[in-house]
Engineer: 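Quick one: the structure is below, and I'll ask about it shortly.
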Amino acid sequence: MPPAQWTHENIDYMRNQLKRLGFGYDWDREVATCDPEYYRWEQWFFTRLFRKGVVYKKTAMVNWDPVDNTVLANEQVIDGRGWRSGAVVERREIPQWFLKITDYADELLNDLDQLDGWPEQVRTMQRNWIGRSEGVEMHFGIAGREETLSIYTTRPDTLMGVTYVAVAPEHPLASEAAAGKPELQAFIEECRNSGVAEAELATQEKKGVDTGLKAVHPITGAEVPIWVANFVLMAYGSGAVMSVPAHDQRDYEFAQTNDLAIKQVIHPASDAQVADLATAAFVEKGVLQDSGEFSGLSSAQAFAAIGDWLEQAGKGARQVNYRLRDWGVSRQRYWGCPIPVINCPACGAVPVPEADLPVLLPTDVSVDATGSPLKKMDAFINTTCPECGGSAARETDTFDTFFESSWYFARYACADKTDGMLDERANYWLPVDQYVGGIEHAVLHLLYARFFNKLMRDEGLLDPDEPFTCLLTQGMVLKDGTKMSKSKGNTVDPQGLIDRYGADTVRLFTMFAAPPDQSLEWADSGVEGAYRFLKRLWKMAQQHVAGGAVPELHKDGLTDRQQALRQRVHATLAKVSDDVGRRYTFNTAIAANMELMNEMGRLDDASGQGRAVMQEALETVVLMLSPIVPHVTHVLWHALGHEQAIIECSWPVVDESALVQASIELVVQVNGKVRGRISIAADAGKAAIEAAASGEENVLKHIADKPVRKIIIVPGKLVNVVI
RNA sequence: GCCGGGGUGGCGGAACUGGUAGACGCAGUGGACUCAAAAUCCACCGGUAGCAAUACCGUGCGAGUUCGACUCUCGCCCUCGGCACCA
């Protein structure tokens, strides 16, 4: 099936299902990111960023399947082999487009502090992802050469303990040194035979080979060997690291395996710590020794002193570094938004002029097994250069789909706009008050969307600094213990349940299963319970209504049982208001309503005031449940005698006077173990509570003849007698 | 490997700020109703001992802090998500 047809059919199916579930979306604002009416504006925006210099092209590593001749996603590389061909995957460098997200690293980091409505764990993950560090960038000499080797370190205090230097296999120095060295060549070749995913690189066995070259220590002038190591990442820092095996565990292990020197220069600052280099590196900060003029300084002092020394000697400078890398937006795929660039042999890469946008993605394509069909379509590729008019080739890469999802929320505000990306309505609606998304998006999507928001702000398209004021990260729905996903084929379609039980039951069941921020193993088995509960509610309301007119409620003339039920109604309302409004724990809100319903079923009071209390209870339950089960409560609200539709009603208000209780139950513990319960006046004083507690029969038994050392009272909850 | 979560009955989960562990629901067991079944209603439902009252044990494992720990601290195990081309 053609991708366009498949996508639109899926959208239609989902829209229909969401409508059947009764979600209150404004469908006039619907956008489909695969429609040219949508993606033309990100093409337009990209060309603006291009001219502004936010966009640039450089080569980057991809997974290359040499049999299928195609680029593979990390997900498609299984145990180092292509998922379809089974061929050993190679790393290959190809030119790609990047957005300078690192220019915004500081702002993206600092603004996290303002996002009070975000879960702390998501902010922490983003902070760690951005990974700001302060260190020193310095230049090691290379023995017998003019050029130098750039190295970034966050621990300049350990500089005097350097015993070797390691570079990435892709480092120019590595390939240079490999000439005439078969062993080194073979090692670099071996490193090419792995995927590009960080997880893969980080878990592989740490290996390296000596280049034979020597690096010259910037301070001592001593020569240390330069190794090529598979754990050094070309993409981070300068692709080279200084190694201090005495004070870094990875360097320590590498030095042990490869018989490299270990030189201790940091010693514990206090007797509480020990540095035993026979077993492990000493990675803490401490006091320098064997460090020449820096000996005796603390790590913090040495950081400054060594930084100053290098700066004065012109051999380095203090530098802030980020783990965050620029965002590669090129994909060698067909189904996506074409990158609006024309490659001219004379003028280079030229953005498509605004008048020629959008660059339409052809839909009349034949999709075969390998590679993007765009790369074989001469009619799409052949064009003329907008600058010189000569013949030129259209870019065949498409955008990362995160590009689309990074600004759709803004487009919702002006989805019908045909002559621009956004208008002033974006400022009216944005930022989004409450954003809901899966926890799997905690870093990538949510960071790209924040970045895009700032880009749009700097282009004058909108005002807010941040796109989402409050964030609720949903846990994932798991099936068979793992994330549901199309590629795993373990998705669950609720359509069958909707057909059988109706939308309200499915909504209730879904909300009752677990709190929204927690992951959940999907199982149909609880659905019956949700269905039964709604039937019970229906029956209870209908039976009550069948009893005829209900007199007005007189709060002061109620029996104890009537009063007790009213107390429960308002206590439940208070709890549910908090659960729904503050905690978002809809499961406990539903459970509280179930408990209340169990109590209501026990009242069985046909008197006028009994029915009045029941009327209030039913109305409160129906109102509390109306956001969760809107259809059944809509009907019941009318049945309970109201003209107005329930969707127009406001949330009920707690009657504080109904919450007052004359006597309360306290748990009595002896040494922290529950030994009994006492019922006592709610306003009883300390002495009365102590007397009642220590007089309880089972408590007396446990105290026996031992002296009571103290009595702890937790108001409204418990009494602990300590003996 | 690194970053962030999670681990509580047969199952999903509750216990919100250190104060009654297992709310609520599912499954199960027993009973009522029925010719019967379904539906519905009632009771029981962590383990061990006991007729019971009750006692002891029990929140992944091991230590610790506290009158009191599912909750806090330290160390470990397992598991889920993310790791830049799944989106």
Side-chain angles (χ1 to χ4, degrees), chain A residues 60-63 71-77 96 101 119-122 124-129 131 195-204 206 231 235 250 323-328 330-333 400-402 404-405 438-445 447-448 473 475-476 478 481-483 485-488 509 512-515 517-530 532-533 535-536 539 575 578-579 582-583 585 587-588 590-595 598 601 665-675 677 698 701 709-712 714 717-723:
Chain A
M61 295 285 186
V62 293
N63 302 304
V71 174
L72 297 179
N74 284 333
E75 190 196 40
Q76 296 169 322
V77 179
Q96 313 217 52
I101 192 172
E120 194 52 52
Q121 49 151 314
V122 173
T124 303
M125 279 192 266
Q126 293 215 350
R127 274 187 204 106
N128 292 339
W129 185 263
V196 296
E198 191 191 309
E200 193 178 339
L201 299 176
T203 47
Q204 64 189 195
K206 315 240 176 312
F231 55 83
R250 186 181 60 189
R323 204 186 75 93
L324 181 68
R325 308 200 291 260
D326 277 338
W327 178 14
S330 300
R331 294 292 179 273
Q332 299 69 41
R333 318 235 177 273
D400 178 6
T401 52
F402 278 129
E404 276 88 57
S405 59
I439 185 67
E440 71 272 26
H441 293 301
V443 174
L444 291 180
H445 162 62
L447 191 65
Y448 292 144
T473 46
M476 271 164 305
L478 308 177
T482 123
K483 177 169 96 162
S485 78
K486 287 189 294 270
S487 55
K488 287 179 187 160
F509 164 63
F512 185 56
D517 58 350
Q518 196 169 308
S519 63
L520 157 77
E521 171 70 27
W522 180 268
D524 289 353
S525 55
V527 152
E528 284 287 346
R532 272 202 283 267
F533 173 73
K535 278 198 290 190
R536 249 191 11 254
K539 214 164 78 182
K575 178 188 168 43
D578 188 49
D579 284 353
R582 177 182 65 90
R583 297 176 63 206
T585 51
N587 57 329
T588 55
I590 293 165
N593 272 289
M594 288 174 166
E595 280 183 76
N598 290 343
E665 189 178 72
L666 291 181
V667 161
V668 185
Q669 299 181 331
V670 178
N671 284 353
K673 292 195 172 187
V674 180
R675 298 301 182 189
R677 278 149 223 279
N698 198 40
K701 215 163 77 189
R709 284 168 40 208
K710 61 174 161 177
I711 297 179
I712 293 156
V714 181
K717 297 226 161 161
L718 60 73
V719 185
N720 188 15
V721 182
V722 183
I723 56 173

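The sequence lines fix the lettering, A, B, ..., with proteins before strands; numbering per chain opens at 1.
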Engineer: Should Asn720(A) be listed as having a side-chain N or O under 4.0 Å from OP1 or OP2 of rG19(B)?
Structural biologist: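 Indeed not, no polar side-chain atom of Asn720(A) lies that close.
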Engineer: With no hydrogens and no angle check, do the side chains of Arg536(A) and Asn598(A) hold a donor and an acceptor under 3.5 Å apart?
Structural biologist: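 Yes, Asn598(A) and Arg536(A) have a side-chain donor paired with an acceptor closer than 3.5 Å.
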Engineer: Reckon Thr585(A) touches a base, only the sugar-phosphate, or nothing at all at heavy-atom distances under 4.0 Å?
Structural biologist: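 Contact class for Thr585(A): none.
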Engineer: Within less than 4.0 Å of OP1 or OP2 of rC83(B), is there a side-chain N or O belonging to Asn128(A)?
Structural biologist: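 Looking at the OP1 and OP2 atoms of rC83(B), neither is under 4.0 Å from any side-chain N or O of Asn128(A).
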Engineer: Summarise how protein sits on nucleotides 48-58 of chain B as a single string, 5' to 3': B when a protein heavy atom is under 4.0 Å from the base, S for sugar-phosphate-only contact, - for no contact.
Structural biologist: ------SSSS-
Engineer: If you take atom types as modelled and just measure distance, does the side chain of Glu440(A) reach the base of rC80(B) with a donor-acceptor pair under 3.5 Å?
Structural biologist: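 Per atom types, no contact qualifies.
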Engineer: Answer yes when Glu595(A) and Lys575(A) have at least one side-chain N-carboxylate O distance shorter than 4.0 Å, and no when they do not.
Structural biologist: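 Looking at Glu595(A) and Lys575(A), the cut-off is not met.
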Engineer: Look at the side-chain N and O atoms of Arg583(A) and state whether any lies under 4.0 Å from the OP1 or OP2 oxygen of rA15(B).
Structural biologist: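 Answer is yes, contact under 4.0 Å.
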Engineer: Let me have RNA chain B in dot-bracket notation, would you? Count Watson-Crick plus G-U wobble pairs, both distances under 3.5 Å, and use [ ] for pairs crossing earlier ones and | for inter-strand partners.
Structural biologist: (((((((..(((......[....))).(((((.......))))).((((....))))..(((((..]....))))))))))))....
Engineer: Ignoring hydrogens and angles, does a donor from either the side chain of Arg677(A) or the base of rU20(B) sit under 3.5 Å from an acceptor on the other?
Structural biologist: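 Yes, the side chain and the base share a sub-3.5 Å donor-acceptor pair.
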Engineer: Less than 4.0 angstrom between a side-chain N/O of Arg532(A) and OP1 or OP2 of rC26(B), yes or no?
Structural biologist: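 Checking Arg532(A) against rC26(B): at least one side-chain N or O falls below 4.0 Å of OP1 or OP2.
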Engineer: Looking across every strand, which nucleic acid part, if any, lies under 4.0 Å from Asn598(A) by heavy atom: base, sugar-phosphate, or nothing?
Structural biologist: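 Sugar-phosphate contact only.
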Engineer: Rounding to an integer number of Å, can you tell me how far Gln518(A) CD sits from rG4(B) C1'?
Structural biologist: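 Computing the Gln518(A):CD to rG4(B):C1' distance gives 15 Å.
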Engineer: Walk me through whether Asn698(A) and Arg677(A) qualify under side chain to side chain donor-acceptor pair (under 3.5 Å).
Structural biologist: CA-CA 9 Å; Asn698(A) 198 40; Arg677(A) 278 149 223 279; over 6 Å; no
Engineer: Can you say whether a donor on the side chain of Arg709(A) sits under 3.5 Å from an acceptor on the base of rC67(B), or the other way round?
Structural biologist: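 Under the 3.5 Å cut-off, the side chain and the base do not form any donor-acceptor pair.
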Engineer: Taking syn as any angle within 90 degrees of 0 and anti as the rest, which one fits rG6(B)?
Structural biologist: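 Anti.
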Engineer: Pick base, sugar-phosphate or nothing for His445(A), based on heavy-atom distances below 4.0 Å to the nucleic acid.
Structural biologist: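 No contact.
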Engineer: Under the 3.5 Å rule, do the base of rC85(B) and the side chain of Gln332(A) count as making a donor-acceptor pair?
Structural biologist: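 Yes, the side chain and the base share a sub-3.5 Å donor-acceptor pair.
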Engineer: Looking at Asn587(A), does any N or O in its side chain come under 4.0 Å of the phosphate oxygens OP1/OP2 on rA14(B)?
Structural biologist: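 Result: yes.
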